[in-house]
Amino acid sequence: MRPVIVAANWKMNTTPADAGELAAMIASRTREPDVVRVICPPFVCLAAVRDALAGEDVAVGAQNIHHELYGAYTGEVSAPMLAGLATWAIVGHSERRRDAAETDELIGRKVGRAIDAALRPILCVGEQLAERDAGRAIEVVARQLEGALGGRDPEGLVDGGLVIAYEPVWAIGTGRNARGIDAAEMAAAIRSTVARLGWGDAAAEGLPVLYGGSVTSANMGEFLEEPSIDGALVGGASLKPDEMAGIVGRAGMTARARRAGTEMR
Ligand code: PGA
């Protein structure tokens with residue numbers, strides 16, 4: 001049985017002065033014991049959020065890590081530096097692919113660095129609108145996965161708790177979400193791609209796949225109705241406690257149903 005996960009990506013929002021209060025409010029409004037909750041604030045807010053979440057069952061994640069361990073990389077933060085601050089890390093977000101020209105090869109190295117530092121990686125993949133319109137979405141995402149994960153020891157990736165977030169680029173921050181049925185098709189394609197990369201069918205079947213892209217409390221159900229989707233990576237709505245309460249509440253329904261052995265339809 002795969003876990004149900006809701007990860008909040010706060011992006012470049014909040015300050016050390018206000019992040020703790022927001023995190024505490026979200027934690028108290030989303031208490032669902034069967035849902036794995038993760039909050040990913042900016043680096044400078046990690047300590048405040050960690051402190052605010054003391055005693056809550058909510059994990060803290062970074063939004064990025066560097067692909068090297070230390071050295072002359074001005075302005076960067078490496079995975080080992082996050083010890084005591086975070087236990088998860090987003091890697092390969094499309095905004096970093098776009099703004100920092102991150103390649104699949106580089107992103108794959110970040111996945112390895114995250115796991116070596118005991119950070120659970122959320123690897124983001126997703127196609128551009130033109131690629132979907134051209135019928136190439138699955139091919140593009142498969143290439144991203146092969147580029148980042150090909151040649152990496154499947155056992156290490158499974159043991160390191162790798163999670164994939166399928167985030168179609170055209171759906172991020174646009175208010176235009178993918179259809180549940182398309183996200184489900186992609187989740188199946190993601191698992192068959194990693195199976196081809198040497199994972200084997202059982203490990204591939206156990207890989208958690210989240211959807212991301214304009215997720216709200218109103219559309220969360222459309223994704224979780226798909227048995228192949230295991231939760232969401234939430235951007236804009238994750239800054240709103242009301243929205244997070246609705247999103248995690250809906251996730252709790254699916255998580256309980258899974259635990260009871262019946263997929264929600
Ligand atoms: P969004 O962002 O929910 O604001 O579309 C999702 C993401 O970028 O992870």
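Order of appearance sets the numbers: ligands from 1, and atoms from 1 within every ligand. Fair warning: this is a prediction, and the values are worked out from it, not measured in the lab.
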Any idea which atoms of ligand 1 are less than 4.0 Å away from a heavy-atom of [X]?
{"X": "Ser214", "result": "1 (P), 3 (O), 5 (O)"}
{"X": "Gly236", "result": "1 (P), 3 (O), 4 (O)"}
{"X": "Leu233", "result": "9 (O)"}
{"X": "Ala171", "result": "5 (O)"}
{"X": "Asn9", "result": "9 (O)"}
{"X": "His93", "result": "7 (C), 8 (O), 9 (O)"}
{"X": "Glu167", "result": "6 (C), 7 (C), 8 (O), 9 (O)"}
{"X": "Gly173", "result": "1 (P), 4 (O), 5 (O)"}

Between CZ on residue Arg37 and CZ on residue Arg31, distance to nearest 0.5 Å:
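So the CZ of Arg37 and the CZ of Arg31 are separated by 7.5 Å.
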Supply the atom-to-atom distance Arg50 CZ to Glu56 CD, rounded to the nearest 0.5 angstrom.
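Going from the CZ atom of Arg50 to the CD atom of Glu56 covers 15.5 Å.
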For atom 2 (O) of ligand 1, grab the closest protein heavy atom and report residue, atom and distance to one decimal in Å.
Lys11 NZ, 3.1 Å
Among all protein heavy atoms, pick the one closest to atom 3 (O) of ligand 1 and tell me residue, atom and distance.
Gly235 N, 2.9 Å
Under 3.5 Å, is there a donor-acceptor pair between the side chain of Asn219 and the main chain of Thr216?
yes
Is it the case that one hydrophobic cluster holds both Trp88 and Val158, taking links as side-chain heavy atoms less than 4.5 Å apart, direct or via other members?
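Trp88 does not cluster with Val158.
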For ligand 1, is [X] a contact, meaning one of its heavy atoms is under 4.0 Å away?
{"X": "Cys124", "value": "no"}
{"X": "Gly212", "value": "no"}
{"X": "Gly213", "value": "yes"}

So do Ile164 and Leu162 actually touch side chain to side chain, heavy atoms under 4.5 Å?
yes
Might you point out which heavy atoms bring Arg132 and Ala137 nearest each other, and give the distance in Å?
NH2-CB, 3.6 Å
Take Glu102 and His93 through the test side chain to side chain contact (heavy atoms under 4.5 Å, CB included) and record every step on the way to the result.
CA-CA 9 Å; Glu102 291 191 1; His93 192 280; over 6 Å; no
Does a salt bridge link Lys11 with Glu95, judged by any charged N lying under 4.0 Å from a carboxylate O?
yes
Between Asp34 and Arg259, does any side-chain N to carboxylate O distance fall below 4.0 Å?
yes
Heavy-atom distances under 4.0 Å are what count here, so tell me which part of Ile172 touches ligand 1: side chain, backbone, both or neither.
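It is both backbone and side chain that touch ligand 1.
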When you compare ligand 1 with Thr174, is there at least one nitrogen or oxygen pair between them that comes in under 3.5 angstrom?
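Checking ligand 1 against Thr174, no N or O pair falls under 3.5 Å apart.
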When the ring planes of Tyr73 and His66 are compared, do they come out parallel, tilted or perpendicular, using 30° and 60° as the limits?
tilted
